[in-house]
Every structure is written in structure tokens, then in C-alpha cells.
There are 2 protein chains.
Amino acid sequence: MATDKLSQWLKGEGFIKSPASDNTSPASTQPPQTQPIIHSSTQPPIPQKTEKVLPPRRDNQNRPYAPQRSGAPRTGFKSSRNDYNPTIGRPTLAKKEKFHPTNFLNSGKKGDIRVVPLGGLEQVGENMCFLEWGNDIVIIDMGILFPSPEHLGVDVLVPDISYLVQNKRKIRGVIFTHGHLDHIGGVPYLAKELGFPQMYATRLTKELILANSEESGVSSKLNIMEINPKSHIRLGQFEFEFFHINHSIPDGVGIVAKTPYGNIIHTSDFKIDYNPSDDQPADLGRISKIGAEGVILAMVDSTNALRPGHSLSETFIEDQLAKIVRDTPGRLIVTTFASNIGRIGKIVQTAEEQGRTVFLSGRSMERNLVIAKKLNYLKYKESTIQPMGRKADTMDPRKVLILSTGSQGEELAALTRMAAKTHKDVKLRPDDTVVFSSSPIPGNELAIVSVMNNLSEIGVHMIDNKQLDTHVSGHGHAEEVKLMTTLLNPKYFAPIHGELYMRHGHKEMVIKELGFARERTLIMKNGQGAVINEKGVRLMTDKEAIPASDVMIELGEKLGQHILAERTLMAEGGAIFMTVKHNVGKVQKIDIRSRGFRYMDTKHEIFTQLGSEMKNVFERNFDPSRPEKALEEALKKSAQKFFYQKFRKEPLVEIVI
Amino acid sequence: MATDKLSQWLKGEGFIKSPASDNTSPASTQPPQTQPIIHSSTQPPIPQKTEKVLPPRRDNQNRPYAPQRSGAPRTGFKSSRNDYNPTIGRPTLAKKEKFHPTNFLNSGKKGDIRVVPLGGLEQVGENMCFLEWGNDIVIIDMGILFPSPEHLGVDVLVPDISYLVQNKRKIRGVIFTHGHLDHIGGVPYLAKELGFPQMYATRLTKELILANSEESGVSSKLNIMEINPKSHIRLGQFEFEFFHINHSIPDGVGIVAKTPYGNIIHTSDFKIDYNPSDDQPADLGRISKIGAEGVILAMVDSTNALRPGHSLSETFIEDQLAKIVRDTPGRLIVTTFASNIGRIGKIVQTAEEQGRTVFLSGRSMERNLVIAKKLNYLKYKESTIQPMGRKADTMDPRKVLILSTGSQGEELAALTRMAAKTHKDVKLRPDDTVVFSSSPIPGNELAIVSVMNNLSEIGVHMIDNKQLDTHVSGHGHAEEVKLMTTLLNPKYFAPIHGELYMRHGHKEMVIKELGFARERTLIMKNGQGAVINEKGVRLMTDKEAIPASDVMIELGEKLGQHILAERTLMAEGGAIFMTVKHNVGKVQKIDIRSRGFRYMDTKHEIFTQLGSEMKNVFERNFDPSRPEKALEEALKKSAQKFFYQKFRKEPLVEIVI
């Protein structure tokens, strides 16, 4: 049925009716809603009012917002789903209080609200932003970015949080949208500097944050409160609600910040999957209700906004994978992202049905499987899963499935080592089948090709679902992001996530295809977000911008930009190291060492020339009354000039007198 | 009509009949065939015989080869083409002699023939191989490879030609298949070492080799003889013929080496385009005739062999481009590969029709346009083309088309600089349209995205034919390479070009889909090709292999592997320079300099520890009777161990006593 709906979509024939206006929606058969949490940090609980007595929300011209739709069921139209696991998403810390939104406009609290991205807008990854309102700051996500080749020696990049560190006392909490590393991976590097603020995350996201922070010793210091899509939390003046979305990891939420100017929405990464294997479909009814309440600003994922149509359901690819597991006669090696719990679940389940033992390789794979089982995303017999070992090589190959990281050609991943014939336990054989179930992250193409080359040399059968994988991305295509924006019906629109050109394209699409006014769209930058007040929403000025460059981390510590600059110089041209021995300004000897420079032999005439040049400069500039450092600098400069004139390129030069 | 044929292909409904058996082929309306060349280097002309008196060619079991088809027309079925330019491909050095193949089996000349790739098999680029038979070596192509990020500071890579240099006296000539840099770019770096051997290339390829070698001063020393697809040349014992193929550059040829064991075929890069805009369709009739003569080994392009179906005709994308040029109201900036002469021609022609001036940017673009005009590939009024300048910014935008290099995000290309707002003449504006007409070369994705981000910030309209471009690749898809192998009907098959996994996939395809015997397929390696003799074809053994690693070139000279190793160390961890001052073994002072290392401040405690460690090692190992170098080495080793123990990562260390 989902398939039919989808094919309608793909043909552009159908448009899902909003459940808010869908009288046939079987909302009454839904399981009872879990109680919302009220969590209040620094502020006393808000006096309870019933919704009916509140005057309708109004915009800044004192007109009512988008028409209020009444009676809209809060949850989606998939209530008859039998495999729904009611334990997923149920809060462990649920409190008894009932939550009622407060109309801040009437309560007199006003002032500028700022939404400031710190990462994720000028790179794909490193997602982090914060909302600031008077004395309250709430952070959304703390992600990392993996380095590009030009980040020589760098392990990971994180956003610049200097503004937040300066304003640490204002931080009321950190909310996480989902458990991918580009949203939670920054916690081990940043949480301490921020004074370990209170954190909020759904069950799975919480477990992943804890597991990911374990190695750095930070996890025991984290205080993470569990939320679910029905939670309400109050952090300072802010109130937050959530809505369930789909992504390539379960238990993701979009964020609603309730303000006197209307709701501020952060969709985070999302797709709309009518038939996700590991989760409920995105809660379109709830999203539409949030839209009806009045949205002042919607920040919407742009990663796949320029891809036409609708992404395919995860179920599509999982069915394919299950078929491969069933139909492959010999040993199977499958690689996918460790965070794709639905896909991993399907593989494990099919393997178990077929009597295959699943050997796990890769720490993240092992860790996530334990978590997924604990949270009831997966069910399997203990005996089905085994850690990687010799047995994976010696058992009947028809009974073996190796589930490995390394889908991106990572140097140390098991698959990379198996392909290079350097894995200590497993030797691949021509009758093995290797399945790549993930699309390449831009920049990893060459590494993946290198693994594939090695595999082809062994002669294994390779299955690469590249085409299909691309269409089952975790990020919604054009029709999904348009649906989201249509349901949210915001006054202002800011495309987030994805490359800048995708965000610009998304903006143009919203203008052309949804009839949005250009002046109500905003292209934010890292450090330069939006200001929301009674006048509307505007971009922060250049003057208002805060620092937001990438911070490089090497071995757990920050690495300065000047260090990278020196590495780049040495990487491109090597280094020349000179020691000048002199007697009161008369050069006795210059010792030259060449490392990584194009001429290694210091007998080369270039070094004779350099030596005499240095001697001249030294003797001309020697002045016993000045510090040696100054002379060293003068020598360095002339040496660099010397090389540049010869080669239009210079090595790093270091000189000791 | 071409479209209809193509759509039949795509639907798998049709299969082009071999013109050899196609009685309706209007071969008689063909223009008269140009006279073949006979060129003989070191060997006297072969005595002329008529074909009829020759006994039929036989294989090594003395059975006749694939059935001889008689009366097959030599040229393809596109004789009614009105825009055929008879000057293209006509040899300037045509001689009067007629050529008749000689049956070497009968003439008693035998022995091993080796086909040895030197590049292009373990990388995409750097294409070069040679044939060796007794005292004769003939080289095919001399290509370059552009460096990957790990090739720190390297400008370009070329094949290792040490074996050829050692056997220079055997070299009878170099044949070029087409004018792309990965086939001709090595000439400036390699020709001199090989003693400037006689070269053979088609008209366009010859001009491109000369133009590309000009800067290095080599071009005046080159001796390039022009060939065309009908040429016959004799080089030592070898005889060569050619066949016309299509590619993303015109005037490409496949190579036939005629030997007593049958024809050895090198297809080079090819596609089969029934309607190329700048050239004739691939000569299927001729290819089929070559197959009928008996092919012992076919080496076939694998780059796109794993892509299903048939590539689209170049005409498709050119029609799209012409439409864009016609329909765009404002200024147009188009970027494509400078070597895609057909596409460039279409853009220039449409611009001229629309009254637009074409401003050229990029040296290769300017150079190739001059060549293409000289060789009659292009016709335009002198006034249509202008070099890039301020005028491109000040003229009526509707009358401007900028044709620029930079489709791969190259740092110095005009488009990159325009996007970054650093171009001296042109400031892009929101009403400009930028067209990317090329697919990304793997590894360039991030650079291209960065240009697109910058363009989107300016707000220009971007058109990116990525999808279409991929299908109009210059390399034949599965059905094309299968057609080629079917027509050639070889006894042995060796997939060449493309990544290793593509070559393995191509091999499996030939086995499964063409019914080829597995033992008659060969996966060659660089330096380890095939040996052909009366027993058949076999791979060279490990012992027979010759050196064939990449050779790195920096500023025109070779760069040693050890230099790259040192650069890598410094790139990842920086460098520490120490100077030890001592008095007969008693350390007086250790001066430490830290460059690009994670701690730059030498007051950091790590350096205090390092200093005392060095002092200990020095005083323990000091021995005035031993050279200082030995002590320096000992100190370096301990320092590196010191860093490794602390960080599992070490900087480069240099020590002077």
C-alpha cells in the first residue's frame, strides 16, 4: 500500500491529504498517548491554563496566523501498524504534570530572539546551532565533521564555541535531534568547556551519545534527560516541543521552540517515509498542527532538496538486502553505516532465518547492535551474533554473514583490511559475496574504489546498490521538503544543512514552487543567523556575527590554524634546516639539512648558492647588540625568497645561529 | 533517425547488423578511399603480393581463424552524410605504394611477442604500453595522471619508462590513439629520455601533442608522422593498421598490430556514436573485417563497461546546449573540457547564430580552438571569438558568452576565480547563467561543489547537466564494449583502462554474456602484460615483470619516493629541529624548534622532557671516535620513539650536533 502511495508520488499524481483534514484518519484506534514531560530549568513551572481560554495567537500585524485547525489528531495515520513497539519512545522520566502552552505575547515577555548556526551551513557535518533570548541560550546538536585532505593530520573538526563559552552561564540546555555523529559527535570535545549543560535526547539518541562519549571518559559526567516526540520542556523563557520525523536512523525529532512571535522550527535532517522498517512514519498530522499554531521561522533540511520527486522508502532497500541474504549461496560480507539500525536489523533477522551466524566487525557496529537490542529495535537469539574471529573463516561459508564497517573505504575498517589481505582472521575467497549497502559520502570515492579494486583482484562477487541507495537517502527529496514547508506554513523560511548551493536552490524552489515571498527567505551563515522580534525575522548583520570557523582537533586537543599553515608548507615543498656557526659575526660554517625538499643531497649546487647567500645576509646584518632571533628571521626571509625566485614554491625554512 | 536507433538500443530491441553482411549498405556512394601510407622504419619495404595468392590465415592449431567474410566494405554505413569534411583524416604524407599484408607465419619469423602496459591499468590515466618482439619495441601512448591529495606537492605523474630507456635502441616508434592528456601528456617528460623516437598520430592528435609540448621546449624536437584510419605502417617486424572509433575528442583510432599469430588489437578509449557531431561514426565495418582476419588478442576499454545499455550520442547533449544558448536571456558562462571539440564547436556556432561574442578563457581552451579551426573542425567568423577581457563585463550581457575551463573546480581556472570574486575582468551577477557541461572526474567532487557554493552565493543561475553528461560519456557502455568484442571475435581478451574492479567486471561480463572461455581472458597489470606465441597468449610471470610504478614529477623533474615519505611525515605531524651544543660529550645546550607540530611553544613541558631524554641519549652514546652522523641517527631514533610513545604519531625529527 505504501508502495502504491509512493508510485503515485513519483508520478506526481497524488498528494497526501493532511491528516488534520482527513476525517477517515483512524486516530481513535491509536494507543494512548504517553504523558508529556515538563522539565523546567532555572524557571518555576508555568501556571496551568487550559488551551481554550487562550486568545488566538497573532502575528506581528496583530492578525491571526494561519487558520487554526481544530480536532486534528496528534499522531499519524499508521495506528493499525502491528509491529509498533510501544516501548520505543516512551519516556523513562515522564512526569505527571500536564503541559499547556503559555502565550508569551500576553505575558509581556519580549525582546530579540536569535537563532545562530555554529556549524552545518558551510560544510556537510558539524551541525550545531543555538537559540538565544535575553539570558537564555539553548543549544541544538553538537556535531563533528571529518577532515578533508587539506586538513593535514587533523582527526576531526568541531564548531567554534567561543561565544557559548563566554556566555556559559546563560546555557539552559542542549537538545539533540538524532544520533548521527555529525549531530552528537562533538559532545566529547565540547561538553566540558560548556560546563556539562543539561542535555535532552530521545532514547536511542541518548544511548548513542553515551556510547560515543565513553572512550573520552566524558560519558559519566553527562546528564541526559530523555525526551520523546510528545515531550514539552521549558528551558529558561523557551518552551520546546518536538515532532517525529524519519531519517536513516530511528528516533529522530524535529524541534519546535515556542515563542511569543510564533513557533521556531528546526526540522534537522529528515525524510518522510510512509513505511519505515524501524520506526513510525513521520508525524504529518502533528507537523500540520504545529503549522496551524503559527510558525514564525522554519529551518528546513536542504541536503536532497534539489533531487526531484520523493525518496524511496527504506523498506525498498531492505527487501532487496533480504533477498540477497536469502539467495546468496556462499559466505556473505555486508557493509553499511553502523547507524542504520533498520537496515542492520533486517540483515540480522534474515541471516537468522537462514541459519547464518552474523559475525560483527567494527566497534561502532558492535556497540550500536547492543543498543538497538536493548531498546527493542532488534530481536535476535544471542547465538546469532558473534564477534569477528577465526570462526568466520573456518565455518561452513553458507552459514556465515560478516557485518562490517568500512562502507566508505575507511583505512582501518575490517572490510578494507580483508580486501587488502591484511585481516588477521578472515581471508576472502572468490566464492564470497561482498555487498556495499551505502552511498559514498563525497570525498570518499577514491578510497571506496581502492577497496573495490582489491576485492575484484581476489575475485569475490560484488554487489553495489549505488543507484538504489542514492534514492533511499535519509534526506527528503524535493517533494518531501515542499510537503514539510507546506504543512508548517511558516512566515519566514531558512534552508539549513547541505552545501550552500543546495540551500540556495532550496530557497529558489520555495519561492518558485511554493509561492514564497523572496524577502521572507533567509540564507544564514555559520555565526550569522536570524534575529526574530515583533518586526519579523531578519539576518544578523556582519557586525552582529559571532566567530564560527571550524576548530581542528588532533589527538583530542585543538590545533591552531598556523600549525596547519606550516604543515601545508612542508607538505608541498619540504623543509630546510640550517645551523650557522660564527665567530663574532664571521660565518665559520653553515650546516644545511634538506628534508622532503626536492633535492635531498645537500651537495647539490642549489645548496652551495644558498649557503653563500646566507653567509652574505648574515654578515651584512650581524649586530651583536640585537637579539639573535631578529637575525634568524632575516635569514629565513632571504632563504624563502631565494627558493621562491628559483622555483615559485618554497620549503619551510628553520635557522639556528 | 539516430535517435530511433538509439532508443531501440536502450530498450534492448535492436542490434546493429554488421555492415559486412549488410547488403543494403550504400558503400558504393562513399567518397573514394584515401591512399594508405606505408612507412617503414629500419626495415626495407615488404615485397608486394596480391591478397588473393595468400593462403588463408591460420591459428596455432593450424585451423583457419574466424570465417573470412568477403566483399565487406571498408567504411561504415554513413556515407550519405553531407557534413562530412573530406579534409579531416586525409594523410598529408600519403605515399603511392599499395600495402598488402604479409603472412609472417609463412615467412618463418616467429618468437614471443610481449604486450606490456606501463600505466593505465592501476590508475585512471597515465596510459602507456608497448609491444616488444625480438629487437623491436613499439610504444602506444604516453599519458600523464594528475596527482591525488596524497601526492603532496607533486605536479603530475608519469609511467616508469626505465625498461624502455634501457632498451632505447629497440624502439621503432610511438603511436598515439587520441589527443587527451592521459594519452599524450607524458611526451614533454618522457620523449627526451627515449631519444625522441619517431611518432605517429592522426592530424588532430599530432597538433595537440605539439601544442602541449610547446611550453617545455620539446615540441621542436618531435618528429610526428601523420596517420589516418586507413594508414598502414611498418615498424621493425611489426605492421600496424588502424580503425576509426568515437570518443569525447575527434580523430581517435584503435590500433591493429599484425603478427603471425593474428591481429593484436588495442581499442584505446572508445564509444560507438552513430551520430557524432564532429566526426564520423566508429567504423564498424572495418572493425568487423579486422575481426574476420583473425584476432589473437583484443585489449578493450573497460571504463564504462559496467554501465548498462548504450551511451548516448554526443549530439544529444549538444542539442541541449544549443537550446540553452538560444533560450538564455542574459550573459552565459559555459564550462566544459577544452578537448571536447565537438561540444565547443556547437557552443561557438550557436553563439554566433545568436549574435553573441564568445570570450575564451583558459590557455587550453584558446589553443584547442585555434587547432580545431585550422583543421576545419570549426568554422566561425574571426570577430566571434575574443580573448577574455574587460569587454566581457561591459558589453550587453545578451551578446556575451564566456567559454571557460574550470569544469573540475581547478584552482586557477577562470570560472573558479569568477566564482570566488577574484577574477580581474569579470564580476558575475545574479542575472548570469553558468552552465557546467562535464561530469566530475572522481576526486574532484569537493572542488566542484566549492565553486558551485560560491556561484550560488552570487546568485547566478546554474545549469548542471550531470545526469545527462554521465550518459554521454566518451567511453562505451556495456552494449558498446560487447559489440566491439563481438565484431573483433578475438581468441584472447584483456580488458584495459578503468579501475581494476571495472576490468574484472568487464572480464566477467565477457565470460557470462559473450560466452568467452575464462582461460582466454587476461587481467594484465602495469609491468606485467601478455606473452603471445604459437602456444597462445599467457600473462607474464612475476619474474618476467618489469618496473612500472608511478613516477612523480615536481617542477619538471622526478621526485623520489623517500621525499614524499618525509613530506607525509611532516604533513601529518610537523617537524622538530634540534641543535645540540656540547663540550667533549657534555651537553651544554639543546636548542629545540617546533614547526607544524601540535605544540609550537617550546616552553611546553613535552620539550623539557624531550630535552632531558636527548641529553641522556647523547651523553650515553657519545664516542669521539665515531662520526657525528651515527650519534645524530641514534638521537633521531630515540626522539621519534619518544613522540610515538606519547602520541602514537611522530613528527619528522632532524638533529644537528
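By convention in this document, chain letters (A, B, ...) are assigned in the order of the sequence lines, proteins followed by strands, and residues within each chain are numbered from 1. Hydrogens, waters and symmetry mates play no part in the numbers below; they use all other heavy atoms, side chains included.
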*Asks:* Is chain B contacted by the side chain of A:I655, its backbone, both, or neither, given a heavy-atom distance below 4.5 Å?
*Replies:* backbone
*Asks:* Let me confirm one number: the CD-CE distance from A:E566 to B:M570, rounded to the nearest 0.5 Å.
*Replies:* 12.0 Å
*Asks:* Got a second to check how far A:E557's CD is from B:Y599's OH, nearest 0.5 Å?
*Replies:* 3.5 Å
*Asks:* Is A:I448 close to B:Y501 at the side-chain level, that is, under 4.5 Å between some pair of heavy atoms?
*Replies:* no
*Asks:* Enter the distance from B:T579:OG1 to A:M578:CE here, rounded to the nearest 0.5 Å.
*Replies:* 12.0 Å
*Asks:* Heavy-atom cut-off 4.5 Å, strictly under: side chain, backbone, both or neither for A:K581 against chain B?
*Replies:* neither
*Asks:* So which part of B:E654 gets closer than 4.5 Å to some heavy atom of chain A, the side chain, the backbone, both or neither?
*Replies:* both
*Asks:* Grab the two heavy atoms, one from A:L652 and one from B:F577, that are nearest each other, plus how far apart they are.
*Replies:* CD2-CE1, 4.1 Å
*Asks:* Please classify the contact of A:Q123 with chain B as side chain, backbone, both or neither, using a heavy-atom distance under 4.5 Å.
*Replies:* neither
*Asks:* More than 12 heavy atoms of other residues, nucleotides or ligands under 6.0 Å from CD of B:E411: is that the case?
*Replies:* no
*Asks:* Under a 4.5 Å heavy-atom cut-off, does chain B meet the side chain of A:V653, its backbone, both or neither?
*Replies:* backbone
*Asks:* How about CD on B:Q588, more than 12 heavy atoms from neighbouring residues, nucleotides or ligands closer than 6.0 Å, or not?
*Replies:* yes
*Asks:* Could you tell me which portion of B:M552 (side chain, backbone, both or neither) has an atom closer than 4.5 angstrom to a non-hydrogen atom of chain A?
*Replies:* neither
*Asks:* Just verifying a value: how many Å separate A:E508 CD and B:S456 OG, rounded to the nearest 0.5 Å?
*Replies:* 10.0 Å
*Asks:* With a 6.0 Å cut-off (strictly less than), is the heavy-atom count around CZ of B:F607, excluding the residue itself, greater than 12?
*Replies:* yes
*Asks:* Pick one of side chain, backbone, both or neither for B:T568, based on which atoms fall under 4.5 Å of a heavy atom in chain A.
*Replies:* neither
*Asks:* Using heavy-atom distances under 4.5 Å, tell me whether B:K525 contacts chain A through its side chain, its backbone, both, or neither.
*Replies:* side chain
*Asks:* Name the one of A:E499, A:H504, A:R503 that satisfies side chain to side chain donor-acceptor pair (under 3.5 Å) with B:N453?
*Replies:* A:E499
*Asks:* Below 4.5 Å from any heavy atom of chain B, which atoms of A:R595 appear? Answer side chain, backbone, both or neither.
*Replies:* both
*Asks:* As an exercise, state the distance from NZ of B:K649 to CG of A:L555, rounded to the nearest 0.5 Å.
*Replies:* 5.0 Å
*Asks:* Report which part of A:E457 has an atom under 4.5 Å of a heavy atom belonging to chain B: side chain, backbone, both, or neither.
*Replies:* both
*Asks:* Please determine, among B:L559, B:V449, B:V154, the option with the most heavy-atom pairs under 4.5 Å with chain A.
*Replies:* B:V449
*Asks:* Relative to chain B, which of A:N444, A:L446, A:V656, A:N454 shows the most heavy atom pairs under 4.5 Å?
*Replies:* A:V656
*Asks:* Other residues, nucleotides and ligands only: do more than 12 of their heavy atoms fall within 6.0 Å of CZ on B:F146?
*Replies:* no
*Asks:* Roughly how far, to the nearest 0.5 Å, is CG of A:L152 from CG of B:L152?
*Replies:* 7.0 Å
*Asks:* Closest approach of B:R567 and A:R598, non-hydrogen atoms and distance?
*Replies:* NH2-N, 3.9 Å
